[in-house]
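Notes for the one structure printed next.
All heavy atoms count here, side chains included; hydrogens, waters and symmetry mates do not. Numbered from 1 within each chain, the chains take letters A, B, ... in sequence-line order.
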2 protein chains.
Amino acid sequence: MSLQVVAIRDAREAPIPLSQPGLSSLFDRQPLERFDAGSAVFWEGDDAAHLFQVTAGILRAVRLLSDGRRIIVGFLRPGDLLGVSLKDRYLYTVEAITPVALRRLSRRRFEEEIRRQPQLRDQLFSRLCDEMTAAQDQTVLLSRRSADEKVANFLLMMSRDEFGNCTRIVDIPMTRLDMADYLGMTIETVSRTITKLTNSGIITATGRRSMMVLKMDALRSLADGDNGETGCCQRVRDMPPHRDGLTVWKSA
Amino acid sequence: MSLQVVAIRDAREAPIPLSQPGLSSLFDRQPLERFDAGSAVFWEGDDAAHLFQVTAGILRAVRLLSDGRRIIVGFLRPGDLLGVSLKDRYLYTVEAITPVALRRLSRRRFEEEIRRQPQLRDQLFSRLCDEMTAAQDQTVLLSRRSADEKVANFLLMMSRDEFGNCTRIVDIPMTRLDMADYLGMTIETVSRTITKLTNSGIITATGRRSMMVLKMDALRSLADGDNGETGCCQRVRDMPPHRDGLTVWKSA
DNA sequence: CGATATTGTAACAATTTGTAACTGCGCTTT
DNA sequence: AAAGCGCAGTTACAAATTGTTACAATATCG
């Protein structure tokens with residue numbers, strides 16, 4: 001999905017000299033690799049020898065504390081790149097939530113191409129910036145939001161299609177545990193909160209792992225917090241429209 | 001401090017053709033600007049027209065939710081860059097905690113130079129990667145750590161000198177409120193936790209805003225969690241040594 | 001169709017927060 | 001220099017939220 005968006009951008013308004021190939025073009029020729037739901041693509045600490053592009057399916061990026069506490073640092077969707085790194089080891093484990101199809105590229109090759117094609121570097125940089133913004137929004141979410149707000153935000157995030165629009169039917173491929181470990185709460189609290197939302201008539205279950213949003217506005221105002229400017233839902237991750245200024249520090 | 005480290009790196013083992021100027025060289029010629037403690041360098045939502053390099057003092061990067069909840073996204077120290085952005089508005093407010101000295105550069109000029117000097121782009125990219133790693137560590141800290149662990153981590157972070165070594169004397173220029181808004185807790189809990197650490201003989205107050213670590217190991221094991229590999233303190237931010245693999249996603 | 005895993009519910013416990021009074025330090029004022 | 005003020009920080013106690021534990025209900029998979 002992100003893939004499509006960028007491809008479109010490349011073709012149309014090419015911010016680079018000519019309409020040159022995007023980052024995803026590096027993977028186009030690579031064979032598809034499939035992973036079963038639950039299997040790991042790579043492990044935290046592994047040699048970071050490859051990069052992957054998600055073609056189909058959903059994955060989770062997991063970190064573990066030594067005492068077993070689990071943190072899901074993010075979910076990956078089609079079009080997302082994983083394994084980009086300047087370091088030599090993966091920082092987290094990536095596991096398939098649904099069956100997944102990926103294309104693999106060696107890191108050596110990737111870096112060569114990045115070096116050769118400056119516009120790819122620009123794209124990579126831009127992507128990193130977006131990632132950074134998302135990470136900060138996640139920080140805000142985790143540090144100062146109640147269980148209700150967290151879940152509302154999560155549901156809104158999941159309700160977005162590839163263009164950032166909110167759909168009423170929401171598919172939730174991950175388990176409650178995944179949600180909990182992403183939002184920094186327990187499955188029980190997640191469960192309670194969803195029950196509460198259902199009882200208030202804001203959402204309704206349409207299946208075990210899918211639901212419908214009945215009152216989108218109510219859900220938005222629950223998720224609300226700092227979105228005075230956009231008026232729209234909280235920017236948790238992966239929200240193309242209305243992203244505003246990332247600001248990085250760390251000097252030279 | 002980061003500034004020095006990089007300068008040294010440039011001079012010695014130059015990962016780039018010759019020993020070319022670092023990012024900070026862009027700011028060297030700019031005049032010093034001073035800000036009083038408590039004053040803002042820029043505001044969330046402002047036009048992101050300039051970049052700044054911290055020469056002296058400590059600052060905080062603050063975001064506000066509409067209902068007044070405050071989140072400190074990070075603290076900035078000498079050598080840190082602020083205002084790097086691909087977007088056109090600052091994402092957060094930056095305020096001086098202590099009196100501060102900065103050098104300012106227009107964004108236009110910065111981007112020109114980045115475009116002209118590829119090795120600067122490399123440095124910027126590398127810095128972004130570090131930032132990303134730090135942001136993820138912060139995510140872990142906020143989502144799955146108890147008050148004790150958070151405060152222990154914070155104190156260890158503050159106890160690091162410019163080379164990443166832990167000093168016994170810790171200076172804490174920020175208020176309890178700043179700490180609380182950074183760690184996602186209340187001032188009372190911060191205070192109670194520090195008292196607890198003092199009563200356990202792990203730290204001792206040496207002044208209103210400074211303390212001494214009496215049992216560094218105990219503090220480390222409190223802060224502990226996922227540091228099996230490094231054996232060292234939690235990587236919260238700004239820890240030069242032993243940083244391991246950042247892995248970014250978000251495709252092309 | 002039965003075994004297993006996931007999810008939901010509820011009572012109870014632990015942690016964290018909220019409230020509010022109080023201390024101590026630094027500053028101004030007299 | 002002493003008194004008075006204000007602010008940051010601390011502490012005690014009550015309240016709320018979230019986490020724990022246990023068990024029932026439901027789906028999923030072989």
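Phosphate proximity of C:dT17 to B:Thr186: present, with a side-chain N or O under 4.0 Å from OP1 or OP2. Contact check, B:Thr189 against C:dT17: a side-chain N or O comes under 4.0 Å of OP1 or OP2.
The aromatic rings of B:Tyr182 and B:Phe75 are tilted relative to each other, their planes meeting at an angle between 30° and 60°.
Separating the CD atom of B:Glu149 from the C1' atom of C:dT15 is a distance of 13 Å, rounded to the nearest angstrom. Atom pair A:Met185:CE and C:dT16:C1' shows a separation of 16 Å (rounding to whole Å applied).
Nearer to the 5' terminus of DNA chain D, by closest-nucleotide assignment, is the contact made by A:Arg192 (compared with the other of A:Arg192 and A:Arg208). Across the interface with DNA chain C, nearest-nucleotide mapping of A:Arg144 and A:Arg176 shows A:Arg176 to be the residue nearer the 5′ end.
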(request) Go through B:Arg144 and A:Asp181 one step at a time and tell me if the salt bridge (charged side-chain N to carboxylate O under 4.0 Å, His left out) criterion holds. (result) CA-CA 8 Å; B:Arg144 283 294 182 216; A:Asp181 286 343; 2.7 Å; yes
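Of the options A:Leu59, A:Val100, A:Val62, a side chain to side chain contact (heavy atoms under 4.5 Å, CB included) to A:Glu95 is made by A:Val62 and by none of the others.
Backbone-only engagement by B:Thr195 is indicated by non-hydrogen atom pairs under 4.0 Å involving sugar-phosphate atoms exclusively. Residue-level contact check: A:Gly38 touches neither bases nor backbone, having no heavy atom under 4.0 Å from any strand.
No more than 12 heavy atoms of other residues, nucleotides or ligands shown are found within 6.0 angstrom of CZ on B:Arg34.
Ranking C:dT16, D:dA22, C:dT7 by closeness to the A:Thr175 side chain, first place goes to C:dT7. Nearest nucleotide to the side chain of B:Arg209, out of D:dG19, C:dG8, D:dA8: D:dA8.
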